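Because the structure is predicted, anything quoted here is derived from the model rather than measured.
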Amino acid sequence: ARMYALTYDAYDVNYNAKISINGLEVGRLCKTGDKKKSTCGILLLPQVFEAQNTLRIAVGKRGSNYDDLIVENIAMTSIG
């Protein structure tokens, strides 16, 4: 079965932020630590996709402190 890779650059990620596609949790942002940047990715099965898709990142928090982060260069590529 064909798989897909969701890749992105994450910066200053300290808490677990949920990644969802079409309401289905597919992973979490990689933690980078304070003021650090990392290129990250997760593998996805084709079953998570529909004709039109919504990517959602729910920012994590501790108490009332939300994580201030940057996610950029988001890409989806087919594998296999």
Side-chain angles (χ1 to χ4, degrees):
R2 180 168 288 213
M3 300 274 296
Y4 295 87
L6 173 70
T7 57
Y8 58 90
D9 292 335
Y11 176 77
D12 203 18
V13 179
N14 295 300
Y15 308 150
N16 287 329
K18 293 179 184 177
I19 301 172
S20 300
I21 296 178
N22 301 323
L24 177 67
E25 184 178 333
V26 295
R28 294 184 177 262
L29 286 182
C30 62
K31 290 183 180 180
T32 63
D34 283 336
K35 311 271 187 280
K36 294 182 180 161
K37 185 175 185 177
S38 183
T39 299
C40 307
I42 55 175
L43 291 176
L44 302 170
L45 295 172
Q47 292 85 345
V48 302
F49 300 109
E50 299 172 2
Q52 189 170 1
N53 299 283
T54 301
L55 171 69
R56 180 175 188 256
I57 299 172
V59 177
K61 69 175 183 171
R62 290 207 177 116
S64 61
N65 183 20
Y66 284 92
D67 198 4
D68 55 337
L69 54 88
I70 296 171
V71 178
E72 58 188 4
N73 301 321
I74 299 169
M76 183 79 61
T77 54
S78 174
I79 301 173

Heavy-atom pair with the smallest gap, counting every atom of [X] and [Y]:
{"X": "V59", "Y": "A17", "result": "CA-CB, 4.1 Å"}
{"X": "N16", "Y": "K31", "result": "OD1-CE, 3.2 Å"}
{"X": "D9", "Y": "K37", "result": "CB-CE, 3.8 Å"}
{"X": "Y4", "Y": "P46", "result": "CE1-CB, 3.8 Å"}
{"X": "V48", "Y": "N53", "result": "O-OD1, 4.2 Å"}
{"X": "E25", "Y": "S20", "result": "CA-OG, 3.8 Å"}

>> Would a single hydrophobic cluster contain both L55 and L43, if residues Ile, Leu, Val, Met, Phe, Trp and Tyr are joined by side-chain heavy-atom contacts under 4.5 Å?
In response: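 Each belongs to a different hydrophobic cluster.
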>> Is there a path of hydrophobic side-chain contacts, each under 4.5 Å between heavy atoms of I/L/V/M/F/W/Y residues, joining I70 to I19?
In response: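 The answer is no; the residues belong to distinct hydrophobic clusters.
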> Given side chains that start at C-beta, do those of L45 and M3 come closer than 4.5 Å, heavy atoms only?
Replying inline: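 They are in side-chain contact.
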> Do Y11 and K35 have side chains that get closer than 4.5 Å, going by heavy atoms?
Replying inline: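 In contact.
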How many angstroms lie between atom [atom1] of [X] and atom [atom2] of [Y], to the nearest 0.5 angstrom?
{"X": "Y8", "Y": "T39", "atom1": "OH", "atom2": "OG1", "answer": "10.0 Å"}
{"X": "L69", "Y": "D34", "atom1": "CG", "atom2": "CG", "answer": "11.5 Å"}
{"X": "L44", "Y": "M76", "atom1": "CG", "atom2": "CE", "answer": "5.5 Å"}

> Can any side-chain N or O of T32 pair as donor or acceptor with the backbone N or O of V13 at less than 3.5 Å?
Replying inline: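 Confirmed, T32 side chain pairs with V13 backbone.
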>> Once side chain to side chain donor-acceptor pair (under 3.5 Å) is applied, do any residues pair with D68, and if so which ones, sequence neighbours excluded?
In response: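 Per chain and number, D68 pairs via side chain to side chain donor-acceptor pair (under 3.5 Å) with no residue.
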>> So if I apply the side chain to side chain contact (heavy atoms under 4.5 Å, CB included) rule between D67 and each of D12, N14, L29, which one comes out positive?
In response: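 That would be N14.
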